[in-house]
Amino acid sequence: MNLKFRAKDYLSDDSFESAEYEYIGNQDEGWEIKRNGSPYLQLGPGYIPLKTVSCGVCSTDIDRRFLPFPLPQIIGHEVLAEGLGENQGKQFVVEINDTYEARGDKNPDVFCKEGIPTHSPERRVLGIDRLPGGFGPYILAPVHAAINLEGVSPKAAVLMEPFAAALQAIIASPPKPGDHVAVLGPRRLGSLVLAALSSYRKTNGSNFRITAITRHDHLVKLAKEMGADEIIDLRITNVESLKNKFDIVYDTTSTTSGFETALQISKREVHLKTTNGQSMAGIHHLTELVVDELSILPYSLENTNFHWQKEKRSNKNVFVFDGVSESIKSELKERFQVYEGNASTGESILNSESFIGQMPRFDFVVVSKPDQIGFAIRPSAQHENSLVRPRGVILVDTTNDSDWPSDLSLVKDFFKQRKEIHSSRCGDFHMAISLLKDNPEITNSLETNLISHRFPANQLEEAYAKAKDPSSVKVVVDFQ
């Protein structure tokens, strides 16, 4: 098959530029992608061509230039598409991770074998990392990532990727009975987190309370429609009055100020769902924290056992940064294989014979200084590998906090109060579809209330600009 078309590339200066693309190949033999007549990307077998129907604009698209992936690129990953060839007449939603498992490759890497294929270092990501995205008229989707859309209307389907991601936040940080949780920034993804919380509460018969926190009039009605029990307007209510009020705060603001507010108003946990590619509250690489679905917890013996609920494994290999107290080191050495040093030492160990045949990551890392958090997440600017395994944990030793700068007192106090930061990224489309089928009123709310603006594909720049405007909620680009 040969597909030749023009699309608008996103550039590092936050602008768009028209380019000519060509997809040459087939599912069995692989594909060559050309851009303006030159080789752009070579793909092996396991991809099917799809025609874009519509694509949503999200916070990641708006902040794409800050992410550590090459540009230019056709961005956009919230895709509703229809099949070509033998799949003609079918509609699909597309999971964004291009992995061994998604392509049906019979020789998976260690990350797939460990049950975390979406964290394989070799993965590409639709519309984010190399693989051309949904702001073009055609995409190449890994065959198992293209999910046939049945039982959910196309209006709600274009929201499937962000709804699944919202649901992942609830799976990773589920409210406990009697909890009072808050969604900070109930706009694009935040509204979907509200809907996911409401659906989760109804399906599981839970009894937690949901509050939406906003600064915009048009989001008040939307938040109620999406399932919030109450709304707090920060133009009226002082943040000081909300300190330690909410058991879990799901931060979907994508702003430094929003993250700092979340740290102040949470009683137990902040779940970081969206970021902006920049340092927040003095912590570096929080975007990569979300990409790797990592957590940051205060050090305790109990927290050394941390792993995601569905993972059946135990922690074994530990890296301890310089400066961690001797008592903690001694405690750890009684239970784990402990390695010590700085970020460079940690990288060398992971590349040594000690980790041949196993995942080249530590099960958890212990730090004593704020800059070590960033180094644990991304020890080198030369690659995107963390010291700690995906969905793993960074534990913070605050017994000697004299090295923490005064301007990081908010973060220091947060961990000293035994509070936690969790994160999550993509979700399970099959679970999201099932939940929407079980809760038709939520599906109706998504269709009716969430999409505020639609633009034809030839007005992509206008759509992108509107998505940046706080007056919008969800902007969708239509190709048909």
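None of the values given here were measured: they were computed from a predicted structure.
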- Does a side-chain heavy-atom distance below 4.5 Å link F92 with L149? no
- Evaluation steps, salt bridge (Lys or Arg N to Asp or Glu O under 4.0 Å), between K466 and E461: CA-CA 9 Å; K466 175 55 70 175; E461 290 97 334; over 6 Å; no
- Item | Of K273, Q168, E293, the residue whose pairing with S424 passes side chain to side chain donor-acceptor pair (under 3.5 Å) | K273
- Task: Using the side chain to side chain contact (heavy atoms under 4.5 Å, CB included) rule, take F69 and R130 through it: C-alpha gap first, then chi angles, then the decisive distance, then the call.
- Result: CA-CA 7 Å; F69 307 119; R130 290 167 289 173; over 6 Å; no
- Work out which heavy atom in W404 is nearest to a heavy atom in V411; give both atom names and the distance. CZ3-CG1, 3.8 Å
- Query: Can you tell me if NZ on K468 sees more than 12 non-hydrogen neighbours from other groups inside 6.0 Å?
  - Reply: yes
- Tested for side-chain contact (heavy atoms from CB on, under 4.5 Å) against Y250, the lone hit among T274, I170, L272, I213 is I170
- Query: Is the closest side-chain donor-acceptor distance between D14 and Y10 under 3.5 Å?
  - Reply: yes
- Task: Decide yes or no on side chain to side chain contact (heavy atoms under 4.5 Å, CB included) for I394 and V367, but give the supporting numbers first.
- Result: CA-CA 7 Å; I394 299 166; V367 304; 4.0 Å; yes
- Task: Check whether more than 12 heavy atoms from other residues, nucleotides or ligands sit under 6.0 Å from atom CD of E86, and answer yes or no.
- Result: no
- Paired with I139, the side-chain contact (heavy atoms from CB on, under 4.5 Å) test is passed by just one of L3, L50, L131, namely L50
- Item | Partner of D292 by side chain to side chain donor-acceptor pair (under 3.5 Å), out of H285, R361, R378, H119 | R378
- Where do R35 and D9 land on the salt bridge (Lys or Arg N to Asp or Glu O under 4.0 Å) test, with the steps shown first? CA-CA 10 Å; R35 178 181 183 273; D9 277 334; 2.5 Å; yes
- Euclidean distance, N449 CG relative to K474 NZ, rounded to 0.5 Å: 15.0 Å
- Task: Run the ring-centre check on F321 versus F375 and record whether the distance is less than 6.0 Å.
- Result: no
- Message: Using the rule side chain to side chain donor-acceptor pair (under 3.5 Å), only one of S423, S295, S173 pairs with H271; which is it?
- Response: S173
- Query: Which atom pair, heavy atoms only, marks the closest approach of I442 to S199?
  - Reply: CG1-OG, 3.3 Å
- Looking at F66, does the NZ or CZ of R64 lie under 6.0 angstrom from its six-membered ring centre and within 45 degrees of the ring axis? no
- Task: Drop me the distance from K155's NZ to T443's OG1, to the nearest 0.5 angstrom.
- Result: 13.0 Å
- Message: Does any part of the side chain of V183, heavy atoms only, come nearer than 4.5 Å to the side chain of M226, both counted from C-beta?
- Response: no
- Given L184, which of T253, T252, T255, V193 fulfils the side-chain contact (heavy atoms from CB on, under 4.5 Å) condition? T253
- So L410 and E260, side chain to side chain contact (heavy atoms under 4.5 Å, CB included) or not? Walk me through it. CA-CA 8 Å; L410 177 62; E260 291 175 352; 3.8 Å; yes
- Check: F319 ring centroid to Y339 ring centroid under 6.0 Å: no
- Task: Please test H77 against D61 for side chain to side chain contact (heavy atoms under 4.5 Å, CB included), starting from the C-alpha separation and ending with a verdict.
- Result: CA-CA 8 Å; H77 56 275; D61 299 318; 3.6 Å; yes
- Name of the residue among L140, V143, L84 meeting side-chain contact (heavy atoms from CB on, under 4.5 Å) with I48: V143
- What's the verdict on side chain to side chain donor-acceptor pair (under 3.5 Å) for S12 and R65, showing C-alpha distance, side-chain angles and the deciding distance? CA-CA 5 Å; S12 58; R65 64 196 182 279; over 6 Å; no
- Can D469 and S472 be counted as having a side-chain donor-acceptor contact under 3.5 angstrom? no
- Task: Could you tell me the separation between the CG atom of L126 and the CD atom of Q73, rounded to the nearest 0.5 Å?
- Result: 8.5 Å
- Message: Is the shortest side-chain heavy-atom distance between P132 and Y40 below 4.5 Å?
- Response: yes
- Query: Are R103 and E122 within salt-bridge range, i.e. N to O under 4.0 Å?
  - Reply: yes
- Can you check whether F163 reaches L435 side chain to side chain, under 4.5 Å on heavy atoms? yes
- Between F455 and Y464, does the ring centroid distance fall short of 6.0 Å? no
- Query: Given D13 and S15, is the side chain to side chain donor-acceptor pair (under 3.5 Å) satisfied, shown in steps?
  - Reply: CA-CA 6 Å; D13 64 357; S15 67; 2.5 Å; yes
- Task: Would you please test N342 and T345 for side chain to side chain donor-acceptor pair (under 3.5 Å) and show each step?
- Result: CA-CA 5 Å; N342 58 23; T345 306; 2.8 Å; yes
- Query: Heavy-atom distance under 4.5 Å between the side chains of V110 and P360, does that happen here?
  - Reply: yes
- Message: What's the separation between atom CZ in F336 and atom CG in D363, rounded to the nearest 0.5 Å?
- Response: 8.5 Å
- List the steps and the verdict of ring-ring contact (aromatic ring centres under 6.0 Å, His included) for Y138 and F5. CA-CA 8 Å; Y138 298 97; F5 58 91; 5.6 Å; yes
- Flag side-chain contact, heavy atom, 4.5 Å: D109 against S120: yes
- Is any side-chain heavy atom of E161 less than 4.5 Å from a side-chain heavy atom of V93? no
- Can you see which heavy atom on F415 is nearest to which on I421, and at what distance? CZ-CD1, 3.9 Å
- Taking everything shown except E353 itself, do over 12 heavy atoms lie less than 6.0 Å from its CD? no
- Query: Have H383 and E347 got a donor and an acceptor in their side chains that come within less than 3.5 Å?
  - Reply: yes
- Evaluation steps, side chain to side chain donor-acceptor pair (under 3.5 Å), between N97 and T99: CA-CA 6 Å; N97 292 290; T99 67; over 6 Å; no
- Task: Give, for atom CG of D478 and atom OG of S54, the distance between the pair rounded to the nearest 0.5 Å.
- Result: 5.5 Å
- Any chance the side chains of Y47 and D98 put a donor and an acceptor closer than 3.5 Å? yes
- Would you call C426 and T118 a side-chain contact if the rule is heavy atoms closer than 4.5 Å? no
- Query: Yes or no on salt bridge (Lys or Arg N to Asp or Glu O under 4.0 Å) for E114 and R389, after CA distance, side-chain angles and deciding distance?
  - Reply: CA-CA 11 Å; E114 286 272 335; R389 64 178 287 134; 3.4 Å; yes
- Query: Under 6.0 Å between the ring centres of F362 and F355?
  - Reply: yes
- Find the distance between CG (N315) and NE2 (H307) and round it off to the nearest 0.5 Å. 7.0 Å
